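In what follows, chains carry the letters A, B, and so on, assigned in the order in which the sequence lines appear, proteins first and then strands, with residues in each chain numbered from 1. Treat the numbers as computed from the prediction; the structure is a model and nothing was measured.
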Amino acid sequence: MDNKSLVSIDDYTKEEILEVLARAAEFEKNPNCNLLEGKVVASLFFEPSTRTRLSFETAISRMGGKIVGFTDSSSSSVTKGETLKDTTKMVSNYCDLVVMRHPIEGSARYASEVSDVPVINAGDGANQHPTQTMLDLYSIYKTQGTLENLNIFMVGDLKYGRTVHSLLMAMSHFNPTFHFIAPKELEIPLAYKIFMDNNNINYHEHTEFNDIINDADILYMTRVQRERFADPLEYEKVKNVYILKNDMLENTRENLRILHPLPRVNEIAVDVDANPKAYYFQQALNGVYARQAIIAKALDL
Amino acid sequence: MNAKKELQVSAIENGTVIDHIPAEYLFQVINILGLDTCGNSVTFGNNLGSDKLGKKAIIKVADIFFEDDEINKISLIAPHAKLNIIKNYQVVEKKIVESPDKVVGIAKCMNPKCITNVEEVTTRFKVIEKTPITLKCHYCEKITDHKHIEII
């Protein structure tokens with residue numbers, strides 16, 4: 001059943017991405033349906049992630065499905081020493097679909113191989129979080145009317161931010177121009193620069209966060225996460241470097257929209273929230289529709 | 001080997017000679033090829049002088065002729081290894097080791113947070129670069145470069 005799983009954003013072709021986005025738009029028009037009637041979805045959160053879990057559970061509920069599972073590993077048999085393999089095998093006997101969040105990288109791919117039903121990766125450590133990428137793509141598509149030929153600016157932690165990396169890979173199908181704004185310590189990893197060079201994708205790197213954003217169609221802000229730094233001094237040095245304030249948006253494009261995977265800490269000043277270009281809260285809502293479309297595809301519904 | 005010199009490992013009548021193995025990897029090559037459990041006569045020499053490698057190892061296996069995909073497994077640790085196929089004390093064929101496209105169950109993923117280092121999972125890699133050999137983990141999708149390749 002591995003082929004129906006969504007583990008990494010690379011599992012979708014360009015056509016499949018567009019198909020799921022079109023489906024998400026349908027779910028947005030009519031979110032309530034009974035496609036999942038009589039189906040049981042296991043929601044296995046080996047580490048807590050309230051936002052992602054609620055988004056999935058809302059998607060499943062609106063499609064009429066039932067949910068079983070746990071919200072962190074302390075309430076599962078993991079505390080008794082059960083392996084991921086055994087938990088997955090056992091749960092996949094009970095249900096029609098597994099949604100899994102796990103702190104270990106590669107756990108989702110492995111689970112998709114031992115499970116008898118499709119697995120949707122809701123985040124495996126610092127590796128992949130494809131449903132976040134799909135909701136980012138849906139937000140871009142909805143606000144710009146297209147995914148083709150856009151100027152995408154990414155700001156903040158471009159080294160460790162998995163949402164940045166997955167979005168970069170997914171957008172590479174659509175002839176984007178990327179601008180990366182980050183301190184040297186958090187610049188986009190070499191592997192992705194090689195990828196962009198090999199695929200003839202235009203990109204520019206900046207360390208200054210200033211009026212270069214006036215050319216942006218999408219401004220993708222990220223949080224600099226304390227837990228990514230081995231050295232706390234390094235974190236203190238970079239944590240307050242790139243903060244978006246409302247007055248920086250004055251001469252930006254009319255169609256610019258600001259995205260952020262949330263939760264934010266201080267990288268977007270609160271005065272930006274009232275600006276019509278701020279889109280991060282609607283972006284989170286789009287996650288429900290994107291996940292409904294992903295679930296429907298995984299189950300061939 | 002130079003024919004004028006005395007052979008450092010005695011000749012075999014029929015079989016395979018694996019030359020130019022880095023000295024420190026001799027026993028790992030033996031393990032990967034399953035020579036530690038094979039019943040044929042296996043002779044080897046280690047820490048022999050080599051212009052290319054400084055110190056090298058050589059293995060001579062009687063009456064075994066390896067399949068390409070079998071022998072290519074050792075390319076991870078012995079990329080410059082050369083094979084001589086011996087019949088009736090004569091070299092009848094020379095082969096070089098080639099990097100495979102996939103590596104299954106031989107190397108360890110260098111990412112400590114990878115599922116293959118947490119649970120009993122057979123490691124799987126795609127070879128994304130052949131020289132120097134660079135592996136991408138099928139599970140955590142992280143890169144293990146040639147400097148960090150560890151054989152299980």
Under the side-chain contact (heavy atoms from CB on, under 4.5 Å) criterion, do B:Asn111 and A:Glu105 qualify, and how do the steps go?
CA-CA 9 Å; B:Asn111 174 12; A:Glu105 293 158 31; 2.6 Å; yes
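A donor-acceptor pair under 3.5 Å links the side-chain atoms of B:Glu119 to the main chain of A:Lys85, judged by distance alone.
Taking all atoms of both residues into account, the shortest heavy-atom contact from B:Tyr139 to A:Glu113 is OH-OE1, 2.5 Å.
Per-residue counts of heavy-atom pairs under 4.5 Å with chain B were compared for A:Ser8, A:Pro103, A:Gly125; the largest is that of A:Ser8.
Other residues, nucleotides and ligands contribute over 12 non-hydrogen atoms within 6.0 Å of the NE2 atom of A:His173. In B:Ile96, the CD1 atom is not crowded: 12 or fewer heavy atoms of neighbouring residues, nucleotides or ligands sit closer than 6.0 Å. Heavy atoms from other residues, nucleotides or ligands lying under 6.0 Å from NZ of A:Lys89 number more than 12. Applying the 6.0 Å contact sphere to NZ of B:Lys87 captures no more than 12 heavy atoms from other residues, nucleotides or ligands. For B:Phe44, the CZ atom sits in a loose shell: 12 or fewer heavy atoms of surrounding residues, nucleotides or ligands are nearer than 6.0 Å. Other residues, nucleotides and ligands place more than 12 heavy atoms under 6.0 Å from the NZ atom of A:Lys14.
Contact of the B:Glu120 side chain with the A:Thr83 side chain is not registered, since no non-hydrogen atoms from C-beta on lie closer than 4.5 Å.
Here the NE2 atom belonging to A:His102 is positioned 5.5 Å from the CD1 atom belonging to B:Ile115, to the nearest 0.5 angstrom. Note that CZ of A:Arg109 and SG of B:Cys114 are 12.0 Å apart. Values are rounded to the nearest 0.5 Å. The distance from atom NZ of B:Lys113 to atom CG of A:Asp124, rounded to the nearest 0.5 Å, is 11.0 Å. For the atom pair B:His138 NE2 and A:Tyr110 OH, the distance stands at 11.0 Å (nearest 0.5 Å).
B:Glu141 and A:His165 share no side-chain donor-acceptor pair at under 3.5 Å.
Interface remark: A:Ala126 contributes backbone atoms only to the contact with chain B (heavy atom separation under 4.5 Å).
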